[in-house]
Amino acid sequence: MPNLAPALIEWYAANARELPWRQDGFSAWGVLVSEFMLQQTPVNRVIPHLQAWLERWPTPSALADEPAAEALTQWANLGYPRRALWLHRAAVEIRDRFGGQVPSDVDELLSLTGIGDYTARAVAVFAYGQREPVVDINTRRVIARAQHGRSQPGPASPRDLVEMDALLPDEPDDAAAFNAATMELGALICTARNPRCEACPIADQCQWLAAGRPDTGDTRRRQATYEGSDRQARGAVMRALRQAADNALPQASIVPDWPDADQRERAIATLLADGLVRARGDVLELPR
DNA sequence: GACGCGTGGCC
DNA sequence: TGGCCAAGCGT
C-alpha cells in the first residue's frame, strides 16, 4: 500500500487556501458553524454568511437563547434551511447538555442534531486536533482514483471511514494535516470534472492516472430537476416567510400566484412536518 | 442503499 | 442552454 501522506502534507503546506476557519484561534463553535454551512454549499458562498453569523452569535448559547426563526432568517438564501433549524437545535443541546462548550468527543458530537459522520469528525479534527478519519466527497474521490483507479467514488458507506482510517499517519497533527490536505486536493486539483493531474502531488501514485484516466462507469445519483419541483415551491414559501414582518403571513397570501396550487399546499404540508414552519390559526410563521 | 432536501455558478 | 456540481443529514 503506497503512503500518500507525505506528498499530500507537503503539498498542502505550500498550497492551502487561507480560509477563515483555518485561522489560528478560530473557535470550535466557528468550526462547527462553518461545517454546517459547508454541507453541500460551496466555500465562496459560505464565507460572508459565516462571518455575519459569528458576529451575531459568537457562542452556542447566544444562538440557543434566540428563537429558531432568527436562525432561519439569518440563514437567508444559503439553501437547505433545515440545516439552520438543526444548527439552532444543536446550539440548544450544547447549552443544555454540554455547558455551552462544543464537545470534542466524536460520540458526543454525533449525538447533536444535524451532525453526522463527516461533521462530527471534522469538528473533532479541525477544532480539537484529534486523530480521526474525515471523509467527505473530496476524500472519497481522491481515494477512488488514487487507490482504486476509478473515475468517481461510489455511494458513501461506513467502509469509507475504515479505509480513510487505514491511511492516517500515527501522529494526530500529521493525521489532521492529511485529512485537510486530502480534502483540499479534491477541491482544487482532483476535482469531479477536468481534474488537473499535471499539478497533482500524488500523480506518481495514482492508479486512475496510471490506467489512462478511464471512465469507469458513474454510479452517482442524478440530481432531480429543480425548476418546477416541490423543492422550488418550498424554497419560495420559506423566502416569503423570511421576508415577511414578524416572519408570519396569512396562508392565503403565501406565494399566491404559484403556478401549481396543489404543489404549494404540498410544500406547506411538508414544511410543517419538517418543523420549518408553524401554523397559528390561519397564519403561517417561522417557528419561535 | 436510496431518497428528499435549496441555491447559484459554471462550462 | 441545462445538466452538473458544491466540506451531508436524517429517514
Side-chain angles (χ1 to χ4, degrees), chain A residues 12 16-17 19-22 30-50 72 75-87 89-90 109-127 132-142 151-161 164 176 179-188 190-195 218-242 263 266-267 269-277:
Chain A
Y12 183 72
R17 292 167 292 178
L19 298 171
W21 45 92
R22 291 177 179 166
V31 172
L32 190 156
V33 174
S34 77
E35 295 300 347
F36 265 84
M37 290 184 171
L38 287 163
Q39 292 168 8
Q40 301 281 279
T41 303
V43 164
N44 288 336
R45 284 188 61 205
V46 162
I47 288 173
H49 288 277
L50 174 66
L72 287 163
W75 197 258
N77 63 339
L78 265 177
Y80 290 141
R82 54 176 55 176
R83 291 182 294 165
L85 186 65
W86 290 344
L87 177 53
R89 287 182 188 164
L109 286 160
L110 284 169
S111 77
L112 299 172
T113 302
I115 293 193
D117 282 333
Y118 166 75
T119 304
R121 288 175 177 79
V123 171
V125 170
F126 301 134
E132 292 281 344
V134 181
V135 171
D136 74 338
I137 185 60
N138 291 302
T139 70
R140 292 199 296 111
R141 186 170 53 250
V142 169
S151 57
Q152 300 289 347
S157 144
R159 291 189 306 275
D160 303 332
L161 225 44
M164 188 72 178
N179 281 312
T182 308
M183 290 174 64
E184 192 77 341
L185 188 80
L188 298 182
C190 193
T191 48
R193 287 178 297 188
N194 305 319
D218 199 337
T219 59
R220 289 171 299 174
R221 259 197 300 167
R222 284 262 192 294
Q223 198 163 17
T225 302
Y226 183 64
E227 189 64 29
S229 67
D230 286 12
R231 293 159 81 163
Q232 186 183 35
R234 285 167 54 107
V237 171
M238 291 301 290
R239 183 191 326 276
L241 289 174
R242 283 200 308 271
Q263 183 179 59
R266 196 161 59 241
T270 61
L271 288 169
L272 283 165
D274 289 345
L276 283 163
V277 305

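Keep in mind that this is a model prediction, so the values were computed, not measured.
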Practice task
Nearest-nucleotide wise, let me know which of P81(A) and R159(A) is further upstream toward the 5' end of DNA chain B.
Solution key: R159(A)
Practice task
Can you tell me, in whole Å, how much space there is between the P of dG2(C) and that of dC5(B)?
Solution key: 23 Å
Completion exercise
With sugar-phosphate taken as primed atoms, P, OP1 and OP2 and all else as base, the protein-contact string of nucleotides 4-11 of chain C at under 4.0 Å (heavy atoms; B, S, -) is BBBBBSS-
Practice task
Identify whether the distance between the nearest side-chain nitrogen and carboxylate oxygen of E184(A) and R22(A) falls below 4.0 Å.
Solution key: yes
Handout entry: Under 4.0 angstrom between N194(A) side-chain N/O and dC11(B) OP1 or OP2
Key = no
Problem - Atom-pair distance (CD on Q232(A); P on dT7(B)), nearest Å - result: 9 Å
Problem - 5′-ward residue of the pair P155(A)/N77(A) relative to DNA chain B - result: P155(A)
Handout entry: Minimum heavy-atom distance between Y80(A) and W75(A), given as atom pair plus value
Key = O-NE1, 3.8 Å
Fill in the blank from the handout: With sequence neighbours left out, the residues meeting side chain to side chain contact (heavy atoms under 4.5 Å, CB included) with A180(A) are Y12(A), F126(A)
Exercise for the section: Using the P atom as the reference point in each nucleotide, state the distance between dA7(C) and dG4(B) in Å, no decimals. Expected result: 22 Å
Problem - Spacing of the C1' atoms in dG1(B) and dA6(C) (rounded, Å) - result: 22 Å
Practice task
Remember a base hit wins even if backbone is also touched, and classify F36(A) as base, sugar-phosphate or nothing at under 4.0 Å, heavy atoms.
Solution key: nothing
Exercise for the section: Sticking with atom P, work out how far dC3(B) lies from dC4(C), rounded to a whole angstrom. Expected result: 15 Å
Practice task
Could you pull out all residues at least two apart from R239(A) that satisfy salt bridge (Lys or Arg N to Asp or Glu O under 4.0 Å)?
Solution key: none
Exercise for the section: Just call it for R83(A): base, sugar-phosphate, or nothing, with non-hydrogen atoms closer than 4.0 Å on any strand. Expected result: base
Handout entry: P spacing across the pair dG8(B) / dC9(C), given as an integer number of angstrom
Key = 23 Å
Problem - Between CZ on residue R231(A) and CE on residue M238(A), distance to nearest 0.5 Å - result: 14.5 Å
Practice task
Give a yes or no on whether a salt bridge exists between R140(A) and D136(A), defined as a side-chain N under 4.0 angstrom from a carboxylate O.
Solution key: no
Handout entry: Between dT7(B) (P) and L72(A) (CG): distance, integer Å
Key = 12 Å
Completion exercise
Taken to the nearest whole Å, CD/E227(A) to C1'/dG9(B) is 16 Å
Practice task
Tell me yes or no: between the side chains of T219(A) and Q152(A), is some donor less than 3.5 Å from an acceptor?
Solution key: no
